[in-house]
Engineer: 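Dumping the structure here so I can ask a few things about it.
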2 protein chains.
Amino acid sequence: MELRTLKTFVAVATLKSFSAAARELHTVQPAISRQIADLEAELGVSLLWRNTREVRVTAPGEALLEEAKRMLALEVQARKRVALAASGQTGTLRIGYMSSACASFVPSLMRDFAAQHPDVTLVLHEMTAQQQLDAFAREEIDVGLSRPLPMELRETLTALPMYEDELMVVVPEGHRLARRKRLALRELSHEDFVLFQRDQATGLFDHIISACGDAGFSPRITRQPALMQTLLSEVAAGLGLAIAPACIRRLQCDGCHFITLRPALGAVPLELHYPSTPSRPVIEAFVTLVETAIPAIRAQMA
Amino acid sequence: MELRTLKTFVAVATLKSFSAAARELHTVQPAISRQIADLEAELGVSLLWRNTREVRVTAPGEALLEEAKRMLALEVQARKRVALAASGQTGTLRIGYMSSACASFVPSLMRDFAAQHPDVTLVLHEMTAQQQLDAFAREEIDVGLSRPLPMELRETLTALPMYEDELMVVVPEGHRLARRKRLALRELSHEDFVLFQRDQATGLFDHIISACGDAGFSPRITRQPALMQTLLSEVAAGLGLAIAPACIRRLQCDGCHFITLRPALGAVPLELHYPSTPSRPVIEAFVTLVETAIPAIRAQMA
DNA sequence: ATGACTCATGCCGATAGAGCATCAATTACT
DNA sequence: AGTAATTGATGCTCTATCGGCATGAGTCAT
């Protein structure tokens, strides 16, 4: 039993004529006769009662007709679903992101993607860069928005730079440097520092440490909070200064001043990460959308 | 897209191996590779991501997998339904019958058939012989239980004699003949007659009229009821005598006496009628059942 | 009675597909 | 590290299937 055969059977049963079915299927009548005869032989049943003047559908024929129609309907549905899935317009997209760096543009990105792919379920997971790495390994997320990841993973994960955050100094209100417009890093050599946990943002942490080294000192670290919001609170409480990406200005931050570094440290990029081996079309569709959205995001974050 | 192709696709996607699928399907691995490649070419998408060590199902592949499984399930269901329909174990059987002649054995017949064919819906229509004829013409019933039908229909309808009813004389209580054990037809030549409508039972009516003719008289007909029950009431009311098949003794009949005719008139058979052109297996199954039940029915009606 | 139509059948040729051998790539086991 | 084994891909040949043509047989209408 093949779909091809079933198509001709449905045509014959519907048109009640072998010849008419042949015309409709762009073939000749003997081909139809053969297919029906073979089908009947295979099932061991007469499906169509026919003489030279009339074609009738037998009871088993009626039964087969129903099921055949369902199967053929499933075929066109299958084609549609495959096409949808292939263009990434179906399925689930799981996104890991850091709210500190992404809160301002992620919502509009989601809105645009949902508009283009209404049948895709979006799942957002707030997580640090390290958590995103683990999640990629466990295949719990499809794309991630974070700072650059360790080099050894560049093979399995592809990185797309989105925008860059300058590093700024965060000082509490009333601090001796709080009124300054700009600072050089070396001026901070004797300060206490509050730095984001190395575990949670290895790249950023190491970047700052090595910059301090270049400036001729090794920072004295008093606190290592896990959340950006905690970091700001601790700075405001006077536990130390922080060096952090400019984006955290957008968080609630009473009692904190943000001061530009001059000469500037290397800016830290925010990247979109996704599996290098092309896995699912939804992912590619999302990457494409992000690529087109990059100019707008850069303008917004400048 | 063919069911054969889909079977191999499902096998590969399930086993996650081309070679294993080949073994399962009793063919060789290159055949599998070709089928999958052709299917992908036809749909214009990659369904299986594969290298020499690993086979993964892509997003479109997952979509197709679901639909393919449904289609294959429908195929086995179709085979089952066709087999059921072919053995007459499914569908609807519409039966026309005359309660006067059949009330005593139809119920047990229905019970036996329903036991053998639990998935067949039985529809019973109480109707006279004439109504059954019309119903056959309109294809509203599949089989009919009635007295013999006009000869001209013997081609389209086949008749299976089931049992025979002797004709008896029905006289009201208190009638001058009511005490007699047996009568000759000629003794009734000056009686009034109540006969069943010719429209509704042409064969029976003509049979009686010609018998009277043979006996040397033409019956004076005073009433022509349409229902057997009415006929009995009218006889009981003294409107005339009736000649009717013995089976009506089984109806409620206070005030009526049934008297054997001697010499006997030709007995009237009760027949099962069904389309001569083999149409649906359910019908054949019912005919077969009736054939086996005939001895029991004859014993019951004797 | 003949012609126009139906579906069935015999034959031929093209072609799709199975099977074999082989290749390239990766893993596992020495 | 090197070899053996296994994976899927590819090129080839051969066969069986199937479409198309010609034709036959049966039915209906003119």
Side-chain angles (χ1 to χ4, degrees), chain A residues 1-58 60-61 64-65 68 155-156 275-279, chain B residues 1-58 60-61 64-65 68 155-156 275-279:
Chain A
M1 194 189 298
E2 291 301 326
L3 289 183
R4 203 188 141 57
T5 317
L6 293 177
K7 276 185 195 124
T8 77
F9 172 70
V10 170
V12 175
T14 306
L15 297 169
K16 301 204 183 307
S17 158
F18 284 54
S19 311
R23 285 190 291 275
E24 174 158 306
L25 299 174
H26 307 105
T27 180
V28 293
Q29 169 264 318
I32 307 293
S33 287
R34 293 303 181 90
Q35 287 188 45
I36 299 296
D38 290 351
L39 183 58
E40 289 180 325
E42 182 190 343
L43 297 175
V45 181
S46 166
L47 297 169
L48 297 168
W49 180 92
R50 55 226 190 243
N51 58 23
T52 55
R53 209 63 199 171
E54 182 179 15
V55 174
R56 266 191 229 177
V57 185
T58 66
L64 182 62
L65 187 57
E155 285 181 17
T156 60
S276 301
T277 53
S279 45
Chain B
M1 194 189 299
E2 291 301 326
L3 289 183
R4 217 171 64 79
T5 317
L6 293 177
K7 277 185 193 121
T8 77
F9 172 70
V10 170
V12 175
T14 306
L15 297 170
K16 302 206 181 306
S17 157
F18 284 56
S19 310
R23 285 189 291 274
E24 175 157 306
L25 300 175
H26 307 105
T27 180
V28 292
Q29 169 263 318
I32 307 292
S33 286
R34 294 306 183 98
Q35 286 188 45
I36 299 295
D38 290 350
L39 184 57
E40 289 180 323
E42 181 189 343
L43 296 176
V45 281
S46 165
L47 298 169
L48 297 167
W49 181 92
R50 54 225 191 245
N51 58 25
T52 53
R53 210 59 201 175
E54 183 179 14
V55 174
R56 267 191 229 177
V57 186
T58 66
L64 182 62
L65 187 55
E155 284 179 20
T156 59
S276 301
T277 53
S279 47

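Computed over heavy atoms, backbone and side chain alike; hydrogens, waters and symmetry mates excluded. Naming convention: chains lettered A, B, ... in sequence-line order (proteins, then strands); numbering from 1 in each chain.
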Engineer: On DNA chain D, does the nearest nucleotide to Gln29(B) precede the nearest nucleotide to His26(A) from the 5' side, or the other way round? Give the residue.
Structural biologist: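 Taking each residue's closest nucleotide, the earlier one in sequence belongs to Gln29(B).
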
Engineer: Just how far, in rounded Å, is P of dA18(C) from CG of Asp38(B)?
Structural biologist: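 Nearest whole value for this atom pair: 9 Å.
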
Engineer: Between dG26(D), dG8(D), dC12(D), spot the one nearest the side chain of Val55(B), thanks.
Structural biologist: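 So the side chain of Val55(B) is nearest to dG8(D).
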
Engineer: For the pair Glu40(A) (side chain) and Leu47(A) (backbone), establish whether a donor and an acceptor sit closer than 3.5 Å, ignoring hydrogens and angles.
Structural biologist: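 Yes: the side chain of Glu40(A) pairs with the backbone of Leu47(A).
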
Engineer: Hey, is the side chain of Arg34(A) pairing donor to acceptor with the base of dG10(C) inside 3.5 Å?
Structural biologist: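 Side chain to base: pair found, below 3.5 Å.
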
Engineer: Atom CZ of Arg50(A) to atom P of dG26(D): distance rounded to whole Å?
Structural biologist: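 Taking CZ of Arg50(A) and P of dG26(D), I get 16 Å after rounding.
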
Engineer: Is the backbone of Arg4(B) close enough, under 3.5 Å, to the side chain of Glu2(A) for a donor and an acceptor to pair up by distance?
Structural biologist: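 It does hold such a pair.
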
Engineer: Indicate whether OP1 or OP2 belonging to dG19(D) is found under 4.0 Å from a side-chain N or O atom of Arg4(A).
Structural biologist: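 For Arg4(A), the contact criterion (side-chain N or O under 4.0 Å from OP1 or OP2 of dG19(D)) is met.
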
Engineer: If you define the side chain from C-beta out and look only at heavy atoms, does anything of Gln35(B) sit under 4.5 Å from Phe9(B)?
Structural biologist: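 Side-chain contact under 4.5 Å: no.
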
Engineer: Closest approach to the side chain of Arg53(B), judged atom by atom: which nucleotide of dT26(C), dT9(C), dC18(D) is it?
Structural biologist: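 Of all the options, the side chain of Arg53(B) is nearest to dT26(C).
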
Engineer: Out of dA18(C), dG8(D), dT6(C), which has the shortest distance to the side chain of Thr52(A)?
Structural biologist: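 Nearest nucleotide to the side chain: dT6(C).
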
Engineer: Do Leu25(B) and Ile32(B) have side chains that get closer than 4.5 Å, going by heavy atoms?
Structural biologist: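 Leu25(B) vs Ile32(B): side chains touch.
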
Engineer: Checking the side chain of Thr14(B) only, and the main-chain atoms of Val10(B) only, is there a donor and an acceptor separated by less than 3.5 Å?
Structural biologist: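 It does hold such a pair.
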
Engineer: To the nearest Å, how far apart are Asn51(A) CG and dT6(C) P?
Structural biologist: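 The answer, rounded to whole Å, is 13 Å.
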
Engineer: Indicate, with a heavy-atom threshold strictly under 4.0 Å, whether Gln35(A) touches base, sugar-phosphate, or nothing.
Structural biologist: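 Sugar-phosphate: the residue Gln35(A), judged by heavy atoms under 4.0 Å, touches backbone atoms but no base.
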
Engineer: Just how far, in rounded Å, is C1' of dC7(C) from NZ of Lys16(A)?
Structural biologist: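 One finds 16 Å between C1' of dC7(C) and NZ of Lys16(A), rounded.
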
Engineer: Find the distance Glu2(A):CD to dT17(D):P and express it as a whole number of Å.
Structural biologist: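 Taking atom P of dT17(D) as the reference, CD of Glu2(A) is at 13 Å.
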
Engineer: Of Arg23(B) and Pro30(B), whose closest DNA chain D nucleotide lies nearer the 5' terminus?
Structural biologist: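 Of the two residues, Arg23(B) wins.
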
Engineer: Side chain of Thr27(A) only, please: which of dG20(D), dA9(D), dC7(C) is the nearest?
Structural biologist: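 Of dG20(D), dA9(D), dC7(C), dG20(D) is nearest to the side chain of Thr27(A).
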
Engineer: Roughly, in whole Å, what's the span from CG in Leu15(A) to P in dC7(C)?
Structural biologist: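 From Leu15(A) CG to dC7(C) P: 11 Å.
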
Engineer: In whole angstrom, give the distance that lies between atom CH2 of Trp49(B) and atom P of dG8(D).
Structural biologist: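 One finds 12 Å between P of dG8(D) and CH2 of Trp49(B), rounded.
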
Engineer: Indicate whether OP1 or OP2 belonging to dT6(D) is found under 4.0 Å from a side-chain N or O atom of Ser19(B).
Structural biologist: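 For Ser19(B), the contact criterion (side-chain N or O under 4.0 Å from OP1 or OP2 of dT6(D)) is not met.
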
Engineer: Would you mind reading off the distance between Glu54(A) atom CD and dG26(D) atom P, rounded to a whole angstrom?
Structural biologist: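 To the nearest whole Å, that distance equals 18 Å.
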
Engineer: The side chain of Ser33(B) is closest to which nucleotide in this list: dG8(D), dA8(C), dT6(D)?
Structural biologist: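 Ranking dG8(D), dA8(C), dT6(D) by closest atom to the Ser33(B) side chain puts dG8(D) first.
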
